[in-house]
Amino acid sequence: MAKLSKTARIYAVVQQIPVSCVATYGDIAKLAGLPRHARLVGYALHALPANSELPWYRVVNSQGQLSLGKLSPAGAAEQYERLTSEGVTFTSQGRVPLKHYRWQPHPLAWEAFILNL
DNA sequence: AACATGACCCTAA
DNA sequence: CTTAGGGCCATGT
């Protein structure tokens with residue numbers, strides 16, 4: 001196990017986020033077996049090519065906000081568009097209600113999945 | 001090699 | 001609600 005690089009593991013996890021769901025940077029790091037490496041997740045997504053099929057837009061920060069906003073308003077707009085087109089609704093304060101949309105994989109099923117990362 | 005930066009998180013005050 | 005500090009590590013200079 002652990003054949004893939006940390007970045008590759010992160011991408012593999014993001015790829016598993018279901019439609020109409022979101023996950024936080026911290027969630028991704030933890031699920032990839034890299035607890036407390038949330039910052040690495042942000043860096044990995046930043047290095048992602050624009051034509052990537054990876055559902056990067058389903059990753060938000062721990063407060064349900066679109067972290068891309070301050071750096072790239074255009075990117076944030078695309079993220080908002082993609083999420084809403086999947087049926088995700090935002091609060092009046094522009095946040096995603098994590099209570100409703102946060103992705104939580106079944107522990108046992110996930111344990112089996114991460115073995116071949 | 002050291003140093004600074006960053007699509008971050010968590011806790012404490 | 002806000003701010004501050006520590007933790008993390010790939011990248012660029």
Side-chain angles (χ1 to χ4, degrees):
Chain A
M1 39 194 288
K3 322 172 185 136
L4 278 57
S5 67
K6 294 174 182 177
T7 302
R9 295 169 68 92
I10 291 170
Y11 290 156
V13 173
V14 173
Q15 189 68 56
Q16 296 303 311
I17 306 176
V19 176
S20 298
C21 290
V22 299
T24 69
Y25 293 87
D27 288 341
I28 300 301
K30 188 173 183 178
L31 289 172
L34 305 167
R36 297 158 200 254
H37 291 59
R39 202 160 196 169
L40 204 54
V41 176
Y43 213 92
L45 293 185
H46 184 253
L48 212 54
N51 58 344
S52 176
E53 295 294 324
L54 208 68
W56 56 267
Y57 51 88
R58 299 197 184 118
V59 181
V60 300
N61 68 20
S62 64
Q63 301 174 38
Q65 301 171 319
L66 308 185
S67 298
L68 202 49
K70 300 172 182 179
L71 178 71
S72 171
E78 180 184 355
Q79 182 171 19
Y80 179 86
E81 170 64 27
R82 284 181 177 265
L83 287 177
T84 53
S85 70
E86 289 185 352
V88 175
T89 60
F90 285 70
T91 68
S92 57
Q93 301 162 9
R95 304 185 323 166
V96 176
L98 294 178
K99 290 284 185 181
H100 298 320
Y101 298 107
R102 195 176 206 172
W103 172 48
Q104 289 186 327
H106 191 281
L108 296 180
W110 187 255
E111 186 177 343
F113 176 79
I114 64 177
L115 287 182
N116 46 15
L117 279 184

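As the structure is a prediction and not an experimental result, all values here were calculated from the model. Each chain gets a letter, A, B and so on, in the order the sequences are listed, and its residues count up from 1. Hydrogens, waters and symmetry mates play no part in the numbers below; they use all other heavy atoms, side chains included.
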- Can you tell me which residue pairs pass the side chain to side chain donor-acceptor pair (under 3.5 Å) test with a partner in residues 19-28 of chain A, sequence neighbours excluded? Thr24(A)-Asp27(A), Asp27(A)-Arg102(A)

- Task: Please report, rounded to the nearest Å, how far the C1' atom of dT3(C) is from the CD atom of Gln63(A).
- Result: 13 Å

- Choose from dA7(B), dC8(C), dC9(B) the nucleotide whose nearest atom is closest to any side-chain atom of Ala38(A). dC9(B)

- Message: Side chain of Ser62(A), heavy atoms from C-beta onward: which of dG6(B), dC10(B), dA7(B) has the nearest atom to it?
- Response: dC10(B)

- Task: Would you mind classifying the nucleic acid contact of His46(A) as base, sugar-phosphate or nothing, using non-hydrogen atoms under 4.0 angstrom?
- Result: base

- Query: Is there a chain of hydrophobic side chains (I, L, V, M, F, W, Y, each step under 4.5 Å between heavy atoms) that links Tyr43(A) to Tyr57(A)?
  - Reply: no

- Rounded distance in Å between the P positions of dA7(B) and dG6(C): 22 Å

- Query: Is any side-chain N of the basic residue among Arg82(A) and Glu78(A) closer than 4.0 Å to the acidic one's carboxylate O?
  - Reply: yes

- Query: For Leu40(A) and dC8(B), what is the distance between atoms CG and P respectively, to the nearest whole Å?
  - Reply: 13 Å

- Task: Tell me what Leu68(A) touches on the nucleic acid: a base, only sugar-phosphate, or nothing, going by heavy atoms under 4.0 Å.
- Result: base

- Measure the CH2-CD1 distance between Trp103(A) and Ile28(A) for me, rounded to the nearest 0.5 Å. 6.0 Å

- Message: The side chain of Thr24(A) is closest to which nucleotide in this list: dA7(B), dC9(B), dC8(C)?
- Response: dC9(B)

- Value in whole Å for how far the C1' atom of dC9(B) lies from NZ of Lys30(A): 12 Å

- Message: I want to verify a distance call: between dA7(B), dC8(C), dA10(C), whose nearest atom is closest to the Ser67(A) side chain?
- Response: dA7(B)

- Toward the 5' end of DNA chain C, which comes first, Arg39(A) or Tyr43(A), by nearest nucleotide? Arg39(A)

- Please give, in whole Å, the distance from dT11(C) P to His37(A) NE2? 14 Å

